[in-house]
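One structure below.
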Amino acid sequence: MRLALREARERADLTQLQVAEEMEWSLSKVIRIENGDVSISPNDLRPLLSYLGIRDKSAVASLIADARIARTRQRQAWYQAPDFRENLTEHMRKLIEYEAEASEIRSYSVYYIPGPLQTTAYATALMHRYEEELSEDQRHRRVQARAMRRQALLARGDVQILVMVDESVLRRTIGGPQVFADQLRDLKALAENGMIRIRMVPFSLDASVTNNASFDLLLLGEGEVLYRETGLGDELIEDRDTTAKHRARYDKVWQEVADEDDTIEFIRRQIEILEGTSPGETR
């Protein structure tokens with residue numbers, strides 16, 4: 001909804017201030033609607049659509065239906081509960097909203113398995129690395145959030161998930177050999193069942209996707225959003241030029257790296273190595 005409204009305003013060559021003055025709203029209200037901080041009521045939406053030049057009856061009806069759904073979800077969504085609002089970043093909460101609607105998700109990672117594909121044990125081990133920066137409750141809620149994101153995303157069945165990981169991601173034994181072997185088995189099963197497509201960027205390939213920064217790129221209707229997470233910080237980018245550049249680079253490298261069959265075979269061999277390794281043995 002917010003992407004559709006922002007793009008309609010930009011197509012009409014209007015500023016947020018112009019919209020605010022015409023609708024007799026505060027500028028803050030327009031900004032918060034376009035940022036997704038608040039939903040918009042159908043009564044506010046109808047005159048706004050008319051002002052933005054959207055008058056087709058079917059388009060108006062569809063957007064009003066979306067507005068009603070958005071208001072309901074904003075009240076009922078698990079990630080809006082106080083415990084999660086306090087322990088998840090604003091950008092992460094918006095990302096979760098987008099994951100529920102995206103038709104395609106491209107994920108690239110240079111350090112760890114992407115969040116929605118992590119097992120609980122793997123996510124817990126990963127969160128332990130931030131015990132000096134995050135409280136126990138913060139770490140617990142973030143692990144919970146990853147599990148709930150995973151459940152919601154994999155249950156959809158109508159979203160294409162492309163996963164491209166650096167070879168180091170499939171070698172780094174986060175949580176120890178057993179936890180990591182279980183994570184790789186889970187990843188392998190998802191790929192073999194067709195729930196995700198996964199390709200590995202091998203060490204032998206000199207391919208820089210985005211200067212070694214992990215990201216998620218989500219396609220929603222005609223719009224795209226880019227989510228980047230670096231340690232404890234994160235950001236959500238909606239600039240079309242930026243998202244288009246990331247998508248073009250991703251798709252280019254996707255064709256150059258190891259294909260799905262080779263990647264699955266690599267994962268299988270890593271599992272065998274982990275299962276045959278005693279604790280403390282160098283691999």
Side-chain angles (χ1 to χ4, degrees), residues 78-79 81 83-84 86-89 91-93 95-96 99 105 107-155 161-193 195-196 198-203 212-216 227-235 263-264 266-283:
W78 61 267
Y79 47 84
D83 285 346
F84 286 106
E86 294 172 3
N87 293 296
L88 298 178
T89 68
H91 295 309
M92 174 54 68
R93 294 198 306 274
L95 174 66
I96 295 170
E99 286 177 341
I105 298 177
S107 184
Y108 172 66
S109 181
V110 298
Y111 185 80
Y112 49 74
I113 305 297
L117 304 181
Q118 293 175 9
T119 64
T120 297
Y122 181 94
T124 300
L126 193 61
M127 277 297 135
H128 276 315
R129 295 169 178 245
Y130 300 105
E131 59 185 358
E132 294 183 0
E133 294 89 355
L134 300 174
S135 68
E136 183 177 353
D137 190 52
Q138 286 176 315
R139 298 196 306 273
H140 173 66
R141 292 301 179 190
R142 293 190 181 196
V143 170
Q144 271 191 314
R146 292 188 180 186
M148 295 176 81
R149 287 172 62 201
R150 173 190 170 94
Q151 182 180 11
L153 188 60
L154 296 181
I161 304 173
L162 305 180
V163 181
M164 186 158 58
V165 296
D166 188 77
E167 182 175 333
S168 61
V169 173
L170 302 179
R171 290 183 178 274
R172 187 172 290 110
T173 54
I174 292 174
Q178 186 58 58
V179 167
F180 190 54
D182 289 342
Q183 172 68 79
L184 290 183
R185 269 192 291 269
D186 180 81
L187 197 65
K188 178 171 173 286
L190 292 175
E192 290 177 335
N193 292 337
M195 301 188 74
I196 66 171
I198 184 169
R199 293 188 177 185
M200 178 186 74
V201 182
F203 291 148
N212 297 324
S214 302
F215 67 86
D216 295 306
Y227 177 80
R228 287 194 293 224
E229 185 177 21
T230 55
L232 299 176
D234 63 350
E235 61 179 342
T263 301
I264 291 172
F266 182 89
I267 293 173
R268 186 193 66 76
R269 292 198 303 270
Q270 289 302 109
I271 294 171
E272 290 183 348
I273 292 171
L274 290 164
E275 289 177 335
T277 302
S278 61
E281 181 178 342
T282 302
R283 293 171 299 285

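By convention here, the first residue in the shown sequence is residue 1. FYI, side chains are in, hydrogens and waters are out, and symmetry mates aren't considered; it's all heavy atoms of this structure.
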Mind checking side chain to side chain contact (heavy atoms under 4.5 Å, CB included) for [X] and listing every partner two or more places apart, or none if nothing turns up?
X: Val169; result: Ser109, Ile113, Val165, Asp166
X: Thr263; result: Leu170, Ile198, Arg199, Met200, Ala258, Ile267
X: Thr124; result: Thr120, His128, Val143
X: Ile264; result: Lys188, Ala191, Glu192

For a quick test of reading the model, state the closest non-hydrogen atom pair linking [X] to [Y] and the distance between them.
X: Asn87; Y: Arg142; value: O-NE, 3.1 Å
X: Thr89; Y: Met92; value: OG1-N, 3.0 Å
X: Gly115; Y: Arg146; value: O-CB, 4.0 Å
X: Pro202; Y: Glu167; value: CA-OE1, 3.3 Å

What is the distance from atom [atom1] of [X] to atom [atom2] of [Y], rounded to the nearest 0.5 Å?
X: Leu190; Y: Ile161; atom1: CG; atom2: CD1; answer: 8.5 Å
X: Leu154; Y: Arg149; atom1: CG; atom2: CZ; answer: 11.0 Å
X: Ile273; Y: Arg171; atom1: CD1; atom2: CZ; answer: 7.0 Å
X: Met127; Y: Gln138; atom1: CE; atom2: CD; answer: 10.0 Å

Spell out, as yes or no, whether a donor-acceptor pair under 3.5 Å connects the side chain of [X] to the backbone of [Y].
X: Ser214; Y: Glu229; answer: no
X: Glu235; Y: Arg228; answer: no
X: Arg93; Y: Leu88; answer: yes

Report summary line: By side chain to side chain donor-acceptor pair (under 3.5 Å), Gln270 pairs with (sequence neighbours left out) none
Requested in this report: Using the test side chain to side chain donor-acceptor pair (under 3.5 Å), find all partners of Asp186 that sit at least two apart in sequence or belong to another chain.
Outcome: Arg150
Requested in this report: Applying side chain to side chain contact (heavy atoms under 4.5 Å, CB included), run through Leu117 and Tyr122 and close with a yes or a no.
Outcome: CA-CA 10 Å; Leu117 304 181; Tyr122 181 94; over 6 Å; no
Query raised in the report: Which residue pairs satisfy the salt bridge (Lys or Arg N to Asp or Glu O under 4.0 Å) criterion with at least one member in residues 127-141, sequence neighbours excluded?
Result: Asp83-Arg141, Asp137-Arg141
Requested in this report: Return the set of residues passing ring pair (Phe, Tyr, Trp, His ring centres under 6.0 Å) with Phe84 (not counting sequence neighbours), or none when no residue passes.
Outcome: Trp78
Query - Residues that Arg172 engages under salt bridge (charged side-chain N to carboxylate O under 4.0 Å, His left out), provided they are two or more places apart - result: none
